[in-house]
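Below is one structure, written out as structure tokens, with a few remarks after it.
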Amino acid sequence: MNEITVQDLKKMIDNKEDFQLIDVRETFEYEMSNLNGLNIPLAGLLLEADKVSKDKPVIMQCRSGARSAAALNQLEQLGYTNLYNLKGGILAWKAEFEPDMPVY
């Protein structure tokens, strides 16, 4: 499984790189705090897989990295090869960049 760190993600954002960020947390978690990714809760990911890009890097993100790893595995079964798991999820982002961010 390919993983990136929050530091890598921040560089990608700062450099305005072309990628897709998908947040697989539940909607109420996303509404509390997010990194401006597309919210597709894990339970509905396969139903909404058509929203996941196949032609640029896709970073899967959740609270800690466990659900996004599961999401990555599900999409790889569909043939996706451009996926990356955000190591540590939004908790790692909070710890590194936004200590006051509310996280469920």
Side-chain angles (χ1 to χ4, degrees):
M1 174 184 314
N2 294 321
E3 287 192 314
I4 69 162
T5 66
V6 292
Q7 294 86 354
D8 294 331
L9 176 59
K10 177 111 173 42
K11 286 178 193 166
M12 292 173 75
I13 293 168
D14 291 347
N15 293 334
K16 297 179 177 24
E17 291 182 33
D18 187 21
F19 68 95
Q20 183 179 36
L21 178 64
I22 297 183
D23 189 326
V24 297
R25 296 176 300 151
E26 295 300 318
T27 303
F28 75 91
E29 294 175 278
Y30 181 84
E31 289 172 350
M32 183 179 293
S33 59
N34 64 74
L35 304 177
N36 297 318
L38 175 63
N39 183 220
I40 306 175
L42 180 59
L45 182 62
L46 292 180
L47 296 173
E48 298 191 63
D50 61 324
K51 295 180 180 176
V52 180
S53 179
K54 288 188 173 182
D55 58 0
K56 59 184 165 187
V58 176
I59 300 165
M60 309 300 291
Q61 175 248 312
C62 67
R63 181 173 182 270
S64 66
R67 277 179 281 178
S68 52
L72 196 144
N73 287 332
Q74 287 180 14
L75 291 173
E76 284 180 340
Q77 298 300 313
L78 298 178
Y80 284 82
T81 59
N82 57 328
L83 307 173
Y84 299 85
N85 188 36
L86 182 63
K87 187 175 182 179
I90 202 163
L91 292 177
W93 182 275
K94 172 185 169 114
E96 185 73 21
F97 302 114
E98 294 186 55
D100 295 331
M101 175 185 274
V103 176
Y104 173 79

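Values below: all heavy atoms of this structure, side chains included; hydrogens, waters and symmetry mates excluded.
Between the NZ atom in Lys51 and the CG atom in Leu38 there is a gap of 6.5 Å [rounded to 0.5 Å].
Other residues, nucleotides and ligands contribute over 12 non-hydrogen atoms within 6.0 Å of the NZ atom of Lys56. Counting heavy atoms of neighbouring residues, nucleotides and ligands inside a 6.0 Å radius, atom NZ of Lys94 exceeds 12 of them.
Using modelled atom types, one side-chain atom of Asn39 and one backbone atom of Asp23 make a donor-acceptor pair closer than 3.5 Å. Of the possible polar contacts, one joining the Tyr80 side chain to the Ala49 backbone as a donor-acceptor pair under 3.5 Å is found. The backbone N or O of Ile40 lies less than 3.5 Å from no partner atom in the side chain of Tyr30, so there is not a single donor-acceptor pair.
Note on Val58 and Met12: separate hydrophobic clusters, where clusters join Ile, Leu, Val, Met, Phe, Trp and Tyr whose side-chain heavy atoms are under 4.5 Å apart, directly or indirectly. Note: the hydrophobic cluster containing Val52 does not contain Ile59 (ILVMFWY, side chain heavy atoms under 4.5 Å, direct or indirect links). Both Leu75 and Val24 are members of a single hydrophobic cluster when ILVMFWY side chains are connected at heavy-atom separations under 4.5 Å. Note on Ile4 and Ile22: separate hydrophobic clusters, where clusters join Ile, Leu, Val, Met, Phe, Trp and Tyr whose side-chain heavy atoms are under 4.5 Å apart, directly or indirectly. Ile13 and Leu83 end up in different hydrophobic clusters when Ile, Leu, Val, Met, Phe, Trp and Tyr side chains are linked at under 4.5 Å.
Other members of the hydrophobic cluster containing Phe28, listed by chain and number, are Met32, Tyr104; membership follows side-chain contacts under 4.5 Å among ILVMFWY residues, whether direct or relayed.
Remark: Gln74 pairs with Leu42, Leu45, Leu46 by the side chain to side chain contact (heavy atoms under 4.5 Å, CB included) rule, at least two apart or across chains. Checked against side chain to side chain contact (heavy atoms under 4.5 Å, CB included), Lys10 has the following partners two or more places apart in sequence or in another chain: Asp14, Trp93, Phe97.
Minimum interatomic distance between Glu26 and Arg67 (heavy atoms only, all atoms of both residues): N-NH1, 3.9 Å. Between Met1 and Ala69 the shortest heavy-atom distance is CE-CB, 3.6 Å. Here the closest heavy-atom approach between residue Val6 and residue Lys87 is recorded as CG1-O, 4.3 Å. Nearest heavy-atom pair across Ser68 and Gly65 is OG-O, 3.3 Å. When all heavy atoms of Asn2 and Leu72 are compared, the pair lying nearest together is O-CD1, 4.1 Å. The minimum heavy-atom distance linking Gln20 with Ser53 is given by the pair OE1-N, 2.7 Å.
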Exercise for the section: Step by step, work out the side-chain contact (heavy atoms from CB on, under 4.5 Å) result for Ile90 and Arg25. Expected result: CA-CA 10 Å; Ile90 202 163; Arg25 296 176 300 151; 3.7 Å; yes
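Inter-residue side-chain proximity for Asn73 and Met60 is flagged as unmet; no heavy-atom pair is nearer than 4.5 Å. In this structure, Leu9 and Phe19 have side chains that are in contact, with non-hydrogen atoms separated by less than 4.5 Å.
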